[in-house]
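Just so it is clear: chains get the letters A, B, ... in the order the sequence lines come, proteins before strands, and each one is counted from 1. As the structure is a computational prediction, the values presented were derived from the model and not from experiment.
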Number of protein chains: 2
Amino acid sequence: MATIRDVAKLANVSTATVSRVLNNNGYVNSETKKRVNEAIEKLQYRPNDVARSLFKGSSKMIALFVPDIKNPFFPELARAVEDVTNQHNYTFILCNTDDSHEKEVTYLNALTQKSVDGFIIVSSTITEEDLHHITSPVISLDRKFSSKISSVTVNNRKGAREATAYLQSIGCKKIAHISGPQTASNTEERLKGYLDVVEHEAWFNSNYVVTGDYRFENSYEIAKQLLTNHNDIDGVFVANDLMAVGVLKAAESLHIKIPEQLSVIGFDGITIGLTTTPSLTTIQQPIYEIGSRAAQILLQLIDHPEQKVIQEELEVTLIERDSTKRKE
Amino acid sequence: MATIRDVAKLANVSTATVSRVLNNNGYVNSETKKRVNEAIEKLQYRPNDVARSLFKGSSKMIALFVPDIKNPFFPELARAVEDVTNQHNYTFILCNTDDSHEKEVTYLNALTQKSVDGFIIVSSTITEEDLHHITSPVISLDRKFSSKISSVTVNNRKGAREATAYLQSIGCKKIAHISGPQTASNTEERLKGYLDVVEHEAWFNSNYVVTGDYRFENSYEIAKQLLTNHNDIDGVFVANDLMAVGVLKAAESLHIKIPEQLSVIGFDGITIGLTTTPSLTTIQQPIYEIGSRAAQILLQLIDHPEQKVIQEELEVTLIERDSTKRKE
DNA sequence: TTGAAAGCGCTAACAA
DNA sequence: TTGTTAGCGCTTTCAA
């Protein structure tokens, strides 16, 4: 690999001059500039980013922490972040944390040592404390850690309320809820939204709420149990689409007809909801937009560290499909 | 951030000594070592990886190129690569190439400037030529660029043959094929495998083969057309699961019963095949293993650049589910 | 308009 | 067993 010195030598200038034309800053005679560019061309010279990073103390890299990229919610998010990141000549680092606090902290430290310029974090376990010694900007998704950390969120509670109210509006009388794992950030809000709507119904009791883990397999099992124990349930609001698909399959195995006997609504709006039979009614999050807004805000924070906290909340949308049906 | 000099000063030694205890190499008195470690502790010192990289000419980072992480085949692959990568204290960079040669080349160059230590590439457009000036090791997935580049693949042709023969074995008489896009590396092999089995059948003609783009939406459309035009088709081998799901939905919309009237088999073995109704029979690739083997081999190549090309081929497995059924 | 030189933080010869 | 020093490749002050 040619270095800046090779270029300087060939063009008969100092490295400072080469650096100036490279970065387009400072005065440089158009004649010499031409010579330098020719030398660059001839040597196929590409500046060494590591050396630049060392000098600047910044690496032009940003990292995204997600629990597990295999969960189909996250690829779209990751894609959005990478697209924006890329457009601004940053490099994109993906970290799967498995919701493990230890992994998160390890990554945070390892990447700080690499002068990573910023972090986009989907996490339920990270605290303000953990970020205290981190000097680069951080933005959280899905949840506000604190009023001091920037974030992009959706109104989970409102969405959950909408989902539950929708089930009521189409005539469901006994509505159950399969919630996310207690460790997950948004679980609580979605549960609250559900409770907002049904808590004071005469029929309601806590047996209508069961806790899942946001995955398909487990949801299939617990839904079978729930539906077997309570055959009066005619509507389920499920805290995410993946689990909602589990409910669909559970009902199928119990020969419960959807939507005739049971209406199911999910949350997220991931593609899988289009591929099931019946297709899945859901509360759609603007996933790509969440990711790209987060990335944009992060980059802005990197450029203007003096800027204060930015918190944005995006809207969710009810998408009616075939897993719910208005009763006659 | 404290530097090695701060530590040296506090421990009353030279930076060389600090470096020695940091890297556990060279002789250092256990007394001084203790002093140094105390200073490190007290200052919360963490070595600057960028400076290390500059010196070493290696960044302890590896990159994975995939067409699009939103395609559910790739998250599992990415996960595998990250897991292995991580275990060996490397950092994982994810690049979505959209099958664009330009993007690939841009990434290759940008990351080389960052001293990335190796590349794992899923691509149909990269050539040996493109890699000529890349000094770090490269391993390709899905396809062998050339006998000079290491690779981890599966036997696509054999798998396709198995899929098609399986349809025959359960009694299908007219078997169609929905192939991948011509640009994709493995399309051709899967098509060949299909042809190996049916090409010489009396009924066979090229109308039984249509070209998809590996995505769900498009497959849904072309399958509707195919099934409408040829109502004698009683089996379809689809080049990947995502498109196979499209076929399932297309059949549903045409009121064609699966598996009674039509058997469908996919390729890949991604999770979505478990969530459809009916669930999807498929040729399963060992996706995680492909990713982790690739990462392991790459790391080995990084450590031993003198090593020659390593090419591995893994086995695929037929998974019978509900979208195919033995005719009585 | 250009160059000399210091320095980003680290490692590894070489010397002591 | 430890320290001195050069240097990885770049940018930027400062001086000319």
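- At dT1(C), none of the side-chain N or O atoms of Lys33(A) fall inside 4.0 Å of OP1 or OP2 (strictly under the cut-off).
- Rounded to a whole Å, the NZ atom of Lys114(B) is 13 Å from the P atom of dC10(D).
- Relative to the side chain of Tyr27(A), the nucleotides dC10(D), dT2(C), dC10(C) differ in distance, and dT2(C) lies closest.
- For the pair Leu22(A) CG and dG9(D) C1', the interatomic distance rounds to 11 Å; values are reported in whole Å.
- Nucleic acid contact for Val13(B): sugar-phosphate only, since backbone atoms but no base atoms lie under 4.0 Å from a heavy atom of the residue.
- The shortest side-chain heavy-atom distance between Leu298(A) and Pro137(A) falls under the 4.5 Å cut-off.
- Heavy atoms of Thr3(B) sit under 4.0 angstrom from primed sugar atoms or phosphate atoms, though from no base atom.
- Residues Ser136(B) and Asp117(B) are not in side-chain contact: their nearest non-hydrogen atoms beyond the backbone lie 4.5 Å or more apart.
- Closest approach to the Ala16(B) side chain among dT12(D), dT4(D), dC10(C) is made by dT4(D) (side chain taken as heavy atoms from C-beta onward).
- Not one side-chain nitrogen or oxygen of Thr17(A) sits closer than 4.0 Å to the OP1 or OP2 atom of dT2(C).
- Counting only heavy atoms from C-beta on, Arg5(A) has its side chain closest to dC8(D) among dT4(D), dT11(D), dC8(D).
- Within 4.0 Å of Asn23(B), counting heavy atoms only, lie sugar-phosphate atoms of the nucleic acid but no base atom.
- Rounded to whole Å, the distance from NZ on Lys9(B) to P on dG9(C) is 12 Å.
- Rounded to whole Å, atom P of dC10(D) lies 13 Å from atom NZ of Lys56(A).
- At the heavy-atom level, Asp6(A) lies nowhere under 4.0 Å from the strands shown.
- For Thr32(A) and dT2(C), the shortest distance from a side-chain N or O to OP1 or OP2 is below 4.0 Å.
- A salt bridge is defined here as a Lys NZ or Arg NE, NH1 or NH2 lying under 4.0 Å from an Asp or Glu carboxylate O, and Lys60(B) with Asp49(B) fails to meet this definition.
- Within the structure, a side-chain polar atom (N or O) of Arg52(B) is placed less than 4.0 Å from OP1 or OP2 of dT11(C).
- The side chain of Phe55(B) approaches dA12(C) more closely than any other nucleotide in the set dA12(C), dT11(D), dT1(C).
- Contact annotation: Asn25(A) does not reach the phosphate of dT11(D) (side-chain N/O to OP1 or OP2, under 4.0 Å).
- Listed nucleotides: dT11(D), dT11(C), dG3(D). Nearest to the side chain of Arg20(B): dG3(D).
- A salt bridge links Asp98(A) with Arg79(B); the closest basic N to acidic carboxylate O contact falls under 4.0 Å.
- Nucleotide dC8(C) holds its C1' atom 9 Å from the CG atom of Leu54(B), rounded to whole Å.
- If you take CG of Asn24(B) and P of dT1(D), they are 14 Å apart, rounded to a whole angstrom.
- Aromatic ring pairs are classed by plane angle as parallel below 30°, tilted from 30° to 60° and perpendicular above 60°; the pair Phe119(A) and Phe65(A) is perpendicular.
- Taking 4.5 Å as the limit, every side-chain heavy atom of Asn186(A) sits out of range of all side-chain heavy atoms of Thr153(A).
- Remark: C1' of dC8(C) and CE of Met1(B) are 14 Å apart, rounded to the nearest angstrom.
- Across all strands, Ser53(B) comes closer than 4.0 Å to no nucleic acid atom at all (heavy-atom distances).
- Distance Asp49(A) CG to dC8(C) C1': 15 Å, rounded to the nearest Å.
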